[in-house]
Protein chains: 2
Amino acid sequence: MTEFILLGFLMERNMSGYDMKQHMSISTAHFVDSSFGSIYPALKQLTQKGYIEVNPIQENKKGKKIYSINEQGKAVFLKWLDTPIEVAKSSISPVLVKIFFYQYLPKDRVRALLEQLVADIQAHRKNLDELKIRLEGGETLEQKLDPYEKCTLDFGMDMYDFTIRWCKNYFHL
Amino acid sequence: MTEFILLGFLMERNMSGYDMKQHMSISTAHFVDSSFGSIYPALKQLTQKGYIEVNPIQENKKGKKIYSINEQGKAVFLKWLDTPIEVAKSSISPVLVKIFFYQYLPKDRVRALLEQLVADIQAHRKNLDELKIRLEGGETLEQKLDPYEKCTLDFGMDMYDFTIRWCKNYFHL
DNA sequence: TCAAACATGTAACACGTTACATGATTTG
DNA sequence: CAAATCATGTAACGTGTTACATGTTTGA
């Protein structure tokens, strides 16, 4: 998964591993956010497989490695992308794992935990909202928000809203 | 995670690793379904930690190991259960990973893939529906469906419905 | 000049899957 | 009696995280 995401980032522009981590922490953090511990080994792998190339810059910044995707890499990425999304593997959510067993907890604890869950989701929802405003409401405007990128933000927020409403309604919170 | 789920199953009744796998494939498959390759080592771990005990039955079935949870195991399980659900780690869904990059695919392919996604979710939704009918609509009635167990089914179905509606609406399918 | 941020990388560990290996029991 | 299902277990592998190790550049 990580390798494909990194290839995807390189489709847009050349960047370093550090740049990719930052990009992830902003653009994709609400559905995937890899650590350096998986990014750097993944870049090594992609280089060895011949999908990307390193363009070390000699300028001021020593050691910084700017990667670029080549034709083979693009082909591999597009082949992966043009393949059905697997719903089964994404599963619904680890949230359900605990709720499944809530019969073993006293009612007042269940209520408290569910209220905490809703508050937590509301906080996440708020963060996404602020992120979207920061990304699209552009004084800066450096990066035009791609429609599908925007879609993942919209979906995230609507999904959070749905979950909050569902919990409040189902559990009478 | 697996270890706690197995402890949770043993809260209800004593059973074997094989039984647990079957129970998972029915009751929890829509949000978690571990393989034997993680169940058996987990049971070994739980035994070594002193949370569960083996009661090998001498009857006809040789080699079958029936596990039971002890007081320490119950305490550990309840402590885990009575801890806030972590929304962050559950993330929204790997579905978004691909959609995020759909700008690199021709429009007709995107449309085809999204239609396939919706059809796939509809199939999952139908399976859940049939499962629920099988579990609650009881001629058999052997196993009374716990309210929270039912909740995970309801949530699953409503989540699928939401996602289907969302995709159709957002992408004008 | 010193702290924060930039920048890369590795090693140990955690946790899960698939495939393999093995054998008993049930049922047509 | 053969096939399906029951039943347990291990080994190799995949993929990710955290913590550690190291050094540079920038800005108050």
Side-chain angles (χ1 to χ4, degrees), chain A residues 1-10 14-26 28-29 31-49 51-68 80 86 88-91 93-94 97, chain B residues 1-7 9-10 14-26 28-29 31-49 52-68 80 86 88-91 93-94 97:
Chain A
M1 181 95 306
T2 308
E3 291 189 14
F4 290 112
I5 292 166
L6 301 183
L7 287 178
F9 285 162
L10 292 176
N14 297 351
M15 55 178 113
S16 66
Y18 194 86
D19 294 335
M20 291 181 205
K21 170 64 183 163
Q22 284 195 134
H23 195 204
M24 275 190 138
S25 298
I26 297 169
T28 72
F31 57 91
V32 66
D33 193 9
S34 309
S35 64
F36 285 123
S38 53
I39 291 172
Y40 288 122
L43 289 171
K44 202 179 185 181
Q45 278 294 308
L46 288 169
T47 309
Q48 280 170 6
K49 287 176 185 168
Y51 300 161
I52 63 176
E53 277 143 34
V54 204
N55 312 103
I57 51 173
Q58 299 85 336
E59 307 162 27
N60 49 350
K61 316 206 181 200
K62 287 165 193 166
K64 187 167 183 179
K65 290 164 143 185
I66 304 292
Y67 292 89
S68 59
W80 167 76
E86 288 179 75
K89 290 195 178 162
S90 61
S91 81
S93 113
V97 172
Chain B
M1 182 95 304
T2 309
E3 291 188 15
F4 290 112
I5 293 166
L6 301 184
L7 286 179
F9 285 163
L10 291 177
N14 297 351
M15 57 177 113
S16 67
Y18 194 85
D19 294 334
M20 292 180 205
K21 171 63 183 163
Q22 285 195 133
H23 195 205
M24 275 189 138
S25 298
I26 296 169
T28 73
F31 57 91
V32 66
D33 193 8
S34 309
S35 63
F36 284 122
S38 53
I39 290 172
Y40 288 122
L43 289 171
K44 203 180 184 179
Q45 277 294 308
L46 288 169
T47 309
Q48 280 169 8
K49 287 175 185 168
I52 62 176
E53 278 142 36
V54 204
N55 311 103
I57 50 172
Q58 298 86 334
E59 306 161 28
N60 50 347
K61 316 206 183 203
K62 287 167 194 165
K64 187 167 185 178
K65 290 164 143 186
I66 303 293
Y67 291 89
S68 60
W80 167 77
E86 288 178 76
K89 292 194 176 160
S90 61
S91 82
S93 113
V97 171

Revision key, fill the gap. Going 5' to 3' through nucleotides 15-22 of chain C and flagging B where a protein heavy-atom sits under 4.0 Å of the base, S where only the sugar-phosphate is that close, and - otherwise, we get -SBB----
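- Here the nucleotide nearest the side chain of Q22(A), chosen from dC6(C), dT8(D), dA7(C), is dC6(C).
- Between W80(B) and V97(A), the shortest heavy-atom contact is CH2-CG1, 3.9 Å.
- Remark: K21(A) is not in phosphate contact with dT8(C), judged by side-chain N or O atoms under 4.0 Å from OP1 or OP2.
- Minimum heavy-atom separation, A42(A) to L6(A): CB-CD1, 3.7 Å.
- Five base pairs at each end of the helix from dT1(C)-dA28(D) to dG28(C)-dC1(D) define two local axes, and these are offset by 20° (rounded to 10°).
- For H23(B) and dA7(D), the NE2 to C1' distance is 18 Å, given to the nearest whole Å.
- Proximity of K44(A) to the phosphate of dT10(C): a side-chain N or O atom is located under 4.0 Å from OP1 or OP2.
- Phosphate contact (OP1/OP2 of dT8(C), side-chain N/O of Y40(A), threshold under 4.0 Å): present.
- Looking at every heavy atom in both residues, L10(B) comes nearest to S68(B) through CD1-C, 4.3 Å.
- Among residues two or more places apart in sequence or in another chain, the side-chain contact (heavy atoms from CB on, under 4.5 Å) test is passed with F36(B) by Y18(B), K21(B), Y40(B).
- dT15(D) atom C1' lies 13 Å from atom CG of L6(A), rounded to whole Å.
- M15(A) has its side chain out of reach of Q22(A): every pair of non-hydrogen atoms, C-beta onward, lies at least 4.5 Å apart.
- Here the side chains of L43(A) and M20(A) are in contact, with some heavy-atom distance below 4.5 Å.
- For K44(B), there are no side chain to side chain donor-acceptor pair (under 3.5 Å) partners at least two apart in sequence or on another chain.
- Separating the CD1 atom of I66(A) from the C1' atom of dC6(C) is a distance of 12 Å, rounded to the nearest angstrom.
- For L46(A) and dG9(C), the CG to P distance is 13 Å, given to the nearest whole Å.
- Minimum atom distance to the side chain of D19(A) is reached by dA7(C), of the listed dA7(C), dC6(D), dG9(C).
- For dG9(C), the OP1/OP2 oxygens have a side-chain nitrogen or oxygen of K65(A) closer than 4.0 Å.
- Shown here are the side chain to side chain donor-acceptor pair (under 3.5 Å) partners of E53(A), two or more places apart in sequence or in another chain: N70(A).
- With sequence neighbours excluded, no residue forms a side chain to side chain donor-acceptor pair (under 3.5 Å) with T28(B).
- An OP1 or OP2 oxygen of dC6(C) is reached within less than 4.0 angstrom by a side-chain nitrogen or oxygen of Y18(A).
- Counting to the nearest Å, the P atom of dA7(C) and the CE atom of M15(A) are 13 Å from each other.
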